[in-house]
Amino acid sequence: MERLLRQQDIAAMLGTTPGVAASILAARGVHPIDFGIGRSRGRRWLSSAVRQVMLDMHEAAQPKTGGQR
């Protein structure tokens, strides 16, 4: 089952502040579901989408081995 993450959750996963985490995801095309204003509402991100962004960022950060010296 898919889990929805709060802004504090995505910040903890990405190891940064809530605002920076949200902007990183938005820059990579991952936008939240907005449940509106009110208690226990607000913006939520799909955990699988956040995980995929983390994997993509990790892959991009790995050194490329070209076999040439």
Side-chain angles (χ1 to χ4, degrees):
M1 183 165 96
E2 190 67 45
R3 184 168 172 231
L4 294 174
L5 303 172
R6 298 172 299 140
Q7 197 163 4
Q8 296 84 355
D9 300 327
I10 64 169
M13 286 180 75
L14 295 175
T16 187
T17 64
V20 170
S23 67
I24 289 171
L25 293 173
R28 293 180 177 355
V30 177
H31 301 282
I33 300 166
D34 193 348
F35 289 108
I37 57 174
R39 185 176 174 148
S40 299
R41 293 184 173 222
R43 302 184 304 165
R44 301 289 190 271
W45 288 259
L46 289 174
S47 60
S48 62
V50 175
R51 252 190 327 273
Q52 187 60 52
V53 166
M54 291 172 56
L55 292 171
D56 293 345
M57 290 171 61
H58 181 266
E59 179 64 30
Q62 299 310 301
K64 305 297 182 219
T65 57
Q68 298 178 7
R69 293 180 193 222

Distance-only check: which donor-acceptor pairs under 3.5 Å involve side-chain atoms of residues 42-49, not counting sequence neighbours?
unit_1	atom_1	unit_2	atom_2	d
R43	NH2	Q7	OE1	3.2
R44	NH1	R41	O	3.0
R44	NH2	R41	O	3.3
S47	OG	E2	OE2	3.0
S47	OG	R3	O	3.3
S48	OG	E2	OE1	3.2
S48	OG	E2	OE2	3.1

Contacts of type side-chain contact (heavy atoms from CB on, under 4.5 Å), residue M13, not counting sequence neighbours: L5, V50, R51, M54
Residues which pass side chain to side chain donor-acceptor pair (under 3.5 Å) with Q8, listed by chain and number, not counting sequence neighbours: none
Qualifying salt bridge (Lys or Arg N to Asp or Glu O under 4.0 Å) pairs, either residue in residues 10-27, two or more places apart: none
Common cluster, V20/V30, ILVMFWY with side-chain heavy-atom separation under 4.5 Å: yes
Salt bridge (Lys or Arg N to Asp or Glu O under 4.0 Å): pairs with one or both residues in residues 7-23, sequence neighbours excluded: R6-D9
Hydrophobic cluster (4.5 angstrom, side-chain heavy atoms) - remaining members for I37: none
Inter-residue atom distance L14.CG - I24.CD1, 0.5 Å rounding: 5.5 Å
For residues 56-64, which side-chain N or O atoms pair as donor and acceptor with protein atoms under 3.5 Å away, sequence neighbours left out?
unit_1	atom_1	unit_2	atom_2	d
D56	OD1	Q52	NE2	2.8
H58	NE2	Q62	NE2	3.1
Q62	NE2	H58	O	3.0
K64	NZ	E59	O	3.4

Which residues share a side chain to side chain donor-acceptor pair (under 3.5 Å) with R28, sequence neighbours left out: none
Pairs meeting criterion side-chain hydrogen bond (donor to acceptor under 3.5 Å, both in side chains) with involvement of residues 10-25, two or more places apart: none
Pairs touching residues 29-38 that satisfy salt bridge (Lys or Arg N to Asp or Glu O under 4.0 Å), sequence neighbours left out: none
